[in-house]
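Working notes, beginning with the structure itself.
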Amino acid sequence: MSEKKKDDQKIKKTSKKSKSAPSLSSRSDCPYLNRELSWLDFNSRVLEEAFEKENPIMERVKFLSITESNLDEFFMVRVAGVMDKMHSKADDKDASGMTSAQLFPELTAKIQRFVKKQYSCFQRSIIPALKKCKLRFLKIKELNKIQKQTVDEYFDKFLFPVLTPLAVDTSRPFPLLANRSLNIAVRLVNNNGEDIFAVVQVPSILDRFIEVPSENGRAFVMLEDIIINRLSDLFELYEIQACCPFRITRDSDLDIDEDADDLLVEIEQSLKKRQRGDPVRIEITSKCDEALKKFLTDMLKIDYEIMHEVSGPLDLTFLNKFANIKSIPDEFKFKPITPVNPPADFFGYDDMFAAIREKDRMVHHPYESFESVIKFVNQAANDKDVLAIKQTLYRVSGNSPIVAALIKAAENGKQVTVLVELKARFDEENNIGWAKKLEKAGCHVIYGLAGLKTHCKILLVVRREQDGIRRYLHMGTGNYNDITARFYTDIGMFTCNEKFGEDASSLFNVITGYSTPPVYNKMKVAPTGLRSFFEDMIKRETENAQKGLPSGITAKINSLVDPDIISLLYKASQAGVKITLIVRGICCLVPDIKGISENITVHSIVGQLLEHSRIFIFENGGQPEIYMGSADWMQRNLDKRVELVFPIESPDLIERSFKIIDTLKKDVLNTRIQKSDTTYELLDRRGKKVHNSQREFSDMAKKALSEKITTINEERQFIPLTSENFNKNYDENL
């Protein structure tokens with residue numbers, strides 16, 4: 001099916017609306033949706049894409065996998081936090097007016113409804129769609145003779161040698177099971193007719209599913225089904241009465257003593273505790289044996305309320321790997337968005353420094369390749385005139401070319417300073433490894449700041465030139481991660497503007513030393529000045545509206561949580577300021593309430609790529625100001641992190657920024673609008689022009705590069721001289 005036909009079909013689907021609206025703050029002047037409940041609404045929007053029949057089947061499989069991965073992290077951090085606070089003495093009300101004790105039952109009920117919908121999607125939507133594509137998951141009883149032989153051979157050759165059945169009795173305590181590991185609880189009967197119990201761990205080192213021969217399409221069998229079928233081989237002396245797969249999710253929010261003598265060692269020790277955190281969820285398959293349920297609750301010392309039954313295979317994150325199996329037809333996946341390389345802004349320039357000296361440059365990922373950023377660091381590492389490189393790293397890939405370039409720079413004698421944020425959640429171990437390698441190479445490594453996470457994205461290159469020292473900068477909305485840059489939408493700006501350079505040096509002096517936070521020329525930096533900046537900008541728009549001057553606010557962010565920002569946005573709306581919020585995930589603000597937020601619209605874009613860029617536009621009485629950066633409108637971004645927001649001042653980049661926002665606002669296929677009851681609906685644009693912003697950005701990047709190539713080729717054309725044009729050119733030159 002063509003991409004256009006898919007797009008046409010997609011806008012014909014009926015609007016979807018969740019049935020239940022979460023509780024709101026009782027403060028009628030400032031409605032506030034609970035953060036955790038709003039996050040679940042976001043995950044539901046992702047799940048809708050797994051249900052969407054117009055999406056290619058393997059993309060639907062990926063979306064379902066993403067919802068499971070999201071939910072795992074939600075339990076490990078957010079639900080764990082709610083439970084911890086609920087059991088503490090200081091269970092104060094949050095901005096929505098709820099205590100954790102009040103929130104927990106509502107949260108649990110909503111999660112259970114969500115999980116039921118997840119497995120309905122898997123069983124009633126995904127599995128039938130896979131069968132139509134001749135892709136099947138088979139139960140053991142469905143296997144033919146050849147398939148059964150394949151499964152038995154796999155068990156004997158690969159599984160049996162690595163399986164370790166663990167008996168649980170008075171002399172052998174219940175094992176410490178790793179966070180998110182898949183296990184099988186087994187109830188047996190001994191010679192005395194008594195129940196005894198054991199646990200078998202499903203090896204995570206092996207693929208979760210194996211392919212078996214099939215004459216009609218392709219067929220797969222789940223690893224746990226293979227193990228369960230051969231449990232008798234593991235317990236030959238006992239009769240198996242029942243078995244049940246189960247999975248533990250543990251509290252994984254690290255408790256780090258930032259006053260420790262060695263922060264790196266402290267975090268390494270804390271990471272080990274993550275696998276031993278208190279259980280916050282136990283997943284079991286439906287119709288689990290009651291004696292096994294009691295065994296698990298007794299051994300794990302948990303309440304039944306955190307036990308969740310599911311009607312299908314546990315841990316749907318395996319679907320991500322399944323969606324990427326080899327030899328899948330192209331029509332089963334989205335048409336790939338291939339980055340153009342080089343971006344139009346850098347086409348024709350081998351020297352990155354020369355290009356940036358000429359004017360400010362912008363790169364829009366993943367439509368334009370992240371290679372431009374890598375090339376910038378590599379050139380700096382190998383340029384004899386570069387004296388120093390300073391950079392912040394929050395999340396980097398496992399084989400980071402950025403880190404490799406920084407190591408090369410240090411080996412080449414450059415002064416390299418890198419802040420590696422060791423407290424980046426779930427990337428701590430990866431970052432510790434890079435920090436050690438950077439230090440070994442001779443880089444000066446900062447592990448972060450006490451009490452703060454350094455989340456800003458900035459790279460400073462100090463270069464010696466004929467007219468003196470010049471500072472080159474890259475600032476962005478996303479991480480220096482070449483892998484996520486392929487599917488996260490982010491924007492980066494390159495500049496050598498001296499005012500930005502001064503700000504960058506000041507910022508790094510604050511990060512690496514004991515400098516007092518300065519008054520910056522251009523940059524807006526948290527935690528010292530970003531909150532007041534945003535508050536002042538919103539108040540200015542409110543005042544302009546009251547004076548009858550042009551006013552307006554557009555913000556594209558990942559999350560909107562901060563109560564003070566929300567309150568100011570409500571006041572701005574009441575003054576007549578038109579506000580457009582493009583919020584991918586959590587949104588605690590409630591739009592379109594008469595007399596409170598009727599001038600506010602909230603868009604959520606969930607599509608092929610993950611929307612990650614942050615863009616802010618303030619109308620400013622008809623002289624709009626545009627900012628980009630790393631910060632969302634959350635308390636943690638404004639008060640507890642080092643964040644950076646920077647202005648876009650170059651006329652062509654201003655024009656391009658407006659075009660980005662306008663394209664996002666027109667998106668029909670990926671956009672849902674939040675209603676005043678907090679539910680979200682897909683836009684109904686039947687009969688109107690189809691807009692898919694992510695596909696259009698890809699087309700724009702290709703077109704811009706094509707036009708640049710054409711222009712340069714025309715400029716380089718050799719025109720043969722004839723007597724006619726020779727005389728004409730000669731006369732003109734006279």
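Keep in mind that this is a model prediction, so the values were computed, not measured.
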Determine whether Met475 and Phe500 satisfy the following criterion, side chain to side chain contact (heavy atoms under 4.5 Å, CB included), listing intermediate values before the conclusion. CA-CA 10 Å; Met475 300 172 287; Phe500 277 113; 3.7 Å; yes

Kindly determine whether Ile660 and Ile491 satisfy side chain to side chain contact (heavy atoms under 4.5 Å, CB included), including the steps that lead there. CA-CA 10 Å; Ile660 290 172; Ile491 300 172; 3.8 Å; yes

For salt bridge (Lys or Arg N to Asp or Glu O under 4.0 Å), just list the numbers for Lys666 and Glu696, CA-CA rounded to whole Å, side-chain angles, deciding distance to a tenth of an Å, and then say yes or no. CA-CA 11 Å; Lys666 292 176 184 176; Glu696 288 177 15; over 6 Å; no

Kindly determine whether Asp482 and Ile402 satisfy side chain to side chain contact (heavy atoms under 4.5 Å, CB included), including the steps that lead there. CA-CA 8 Å; Asp482 56 300; Ile402 294 288; 6.0 Å; no

Before giving the answer on salt bridge (Lys or Arg N to Asp or Glu O under 4.0 Å), spell out for Lys457 and Asp490 the whole-Å C-alpha distance, their side-chain angles and the decisive distance to 0.1 Å. CA-CA 11 Å; Lys457 326 297 181 185; Asp490 274 304; over 6 Å; no

Could you go through the side chain to side chain contact (heavy atoms under 4.5 Å, CB included) check for Thr580 and His603 one step at a time? CA-CA 8 Å; Thr580 301; His603 299 223; 4.1 Å; yes

What do the steps show when you test Arg425 against Glu73 for salt bridge (Lys or Arg N to Asp or Glu O under 4.0 Å), and what is the final call? CA-CA 10 Å; Arg425 185 178 287 134; Glu73 186 170 333; 5.4 Å; no

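Side-chain atoms of Glu502 and Asn521 include a donor-acceptor pair closer than 3.5 Å. In summary, the side chains of Ser559 and Asp632 do not present any donor paired with an acceptor at a separation below 3.5 Å, with no hydrogens or angles considered. Using a 3.5 Å distance cut-off with no hydrogens or angles, the side chains of Arg395 and Thr484 do not pair a donor with an acceptor.
Lys556 places a side-chain N or O within donor-acceptor distance of the main-chain N or O of Ser613, the cut-off being under 3.5 Å. Using modelled atom types, no side-chain atom of Lys414 and backbone atom of Leu406 make a donor-acceptor pair closer than 3.5 Å. Judged by distance alone, the side chain of Glu541 and the main-chain N or O of Gly552 form a donor-acceptor pair under 3.5 Å. In terms of modelled atom types and a separation under 3.5 Å, the side chain of Asn43 and the main chain of Trp39 share no donor-acceptor contact. Side-chain N or O atoms of Arg45 include one that pairs as donor or acceptor with a backbone N or O of Gly585 at under 3.5 Å. Judged by distance alone, the side chain of Asn479 and the main-chain N or O of Tyr394 form no donor-acceptor pair under 3.5 Å.
Counting heavy atoms from C-beta outward, Tyr472 and Gln379 have side chains that stay 4.5 Å or more apart. Contact annotation: the side chain of Thr663 approaches that of Met700 to within less than 4.5 Å [non-hydrogen atoms, C-beta and beyond]. Inter-residue side-chain proximity for His474 and Val363 is flagged as unmet; no heavy-atom pair is nearer than 4.5 Å. Proximity of Leu669 to His691: side-chain heavy atoms (C-beta onward) are nowhere separated by under 4.5 Å. Contact annotation: the side chain of Leu473 never approaches that of Phe646 to less than 4.5 Å [non-hydrogen atoms, C-beta and beyond]. No side-chain heavy atom of Phe347 sits under 4.5 Å from any side-chain heavy atom of Val340. Ser657 is listed as a side-chain neighbour of Met362, based on a closest heavy-atom distance under 4.5 Å. Ile458 is listed as a side-chain neighbour of Phe508, based on a closest heavy-atom distance under 4.5 Å.
Remark: Lys62 NZ to Gln608 CD distance equals 8.5 Å, nearest 0.5 Å. Rounding to the nearest 0.5 Å places OG of Ser650 at 10.0 Å from CG of Asn497. Glu421 contributes atom CD, which lies 7.0 Å from atom NZ of Lys453 (distance to the nearest 0.5 angstrom). Of the inter-residue distances, the one linking Ile66 atom CD1 with Leu610 atom CG reads 8.0 Å to the nearest 0.5 angstrom. The CG atom of Asp383 sits 12.0 Å away from the CG atom of Asn378 when rounded to the nearest 0.5 Å. One finds the CD1 atom of Ile582 at 8.5 Å from the OG1 atom of Thr601 (value rounded to the nearest 0.5 Å).
Between Leu507 and Val525, the shortest heavy-atom distance links the atoms CD1-CG1, 4.0 Å. For the pair Gln674 and Cys587, the tightest heavy-atom approach, listed with the atom from each and the gap, is OE1-SG, 3.6 Å. Nearest heavy atoms, Asn481 versus Ser397: ND2-N, 3.4 Å. Residues Ile469 and Leu387 share a closest heavy-atom pair of CD1-CD1, 3.6 Å. Heavy atoms only, all atoms of each residue included: Tyr488 and Pro366 are closest at O-CD, 3.5 Å. When all heavy atoms are compared, the tightest approach of Ala405 to Val377 is CB-CG1, 3.5 Å.
Under a 4.0 Å N-O distance rule, the pair Glu611/Arg584 does not qualify as a salt bridge. Of the charged side-chain nitrogens involved, at least one lies within less than 4.0 Å of a carboxylate oxygen, so that Arg540 and Glu625 count as a salt-bridged pair. Under the 4.0 Å criterion applied to side-chain N and carboxylate O atoms, Arg672 and Glu48 are assigned as salt-bridge partners.
Note: Phe618 and Phe533 have perpendicular aromatic rings, judged against thresholds of 30 and 60 degrees for the angle between ring planes. Taking the six-membered ring where the residue is Trp, Phe494 and Phe376 present perpendicular rings, their angle passing 60° and hence far from 30°. Relative orientation of the Phe370 and Tyr480 rings is tilted, given thresholds of 30° and 60° on the angle between their planes. The aromatic rings of Phe616 and Phe534 sit tilted, their planes meeting at an angle between 30° and 60°.
Geometric assessment of Arg361 against the ring of Tyr349 yields a positive cation-pi assignment under the 6.0 Å and 45° thresholds.
In this structure Thr317 satisfies the side-chain contact (heavy atoms from CB on, under 4.5 Å) test together with Ser65, Glu68, Ser69, Asp72, Asp315, sequence neighbours excluded. In this structure Glu439 satisfies the salt bridge (charged side-chain N to carboxylate O under 4.0 Å, His left out) test with no other residue, sequence neighbours excluded.
Annotation: Glu59, atom CD; neighbour count of heavy atoms from other residues, nucleotides and ligands within 6.0 Å is above 12. Atom NZ of Lys640 has 12 or fewer heavy atoms from other residues, nucleotides or ligands within 6.0 Å. The 12-atom threshold is not exceeded at CD of Gln623, counting heavy atoms of other residues, nucleotides or ligands nearer than 6.0 Å. Within a 6.0 Å radius of NZ in Lys437, no more than 12 heavy atoms belonging to other residues, nucleotides or ligands are found.
Residue Glu465 is tested with Lys384, Arg471, Arg470 for a salt bridge (charged side-chain N to carboxylate O under 4.0 Å, His left out); the sole match is Arg470. With Glu49 as the partner, the side chain to side chain donor-acceptor pair (under 3.5 Å) test is satisfied by one option alone out of Asn670, Asn55, Thr67: Asn55. Each of Lys702, Arg656, Arg486 was checked for a salt bridge (charged side-chain N to carboxylate O under 4.0 Å, His left out) with Glu368, and the lone residue meeting it is Arg656.
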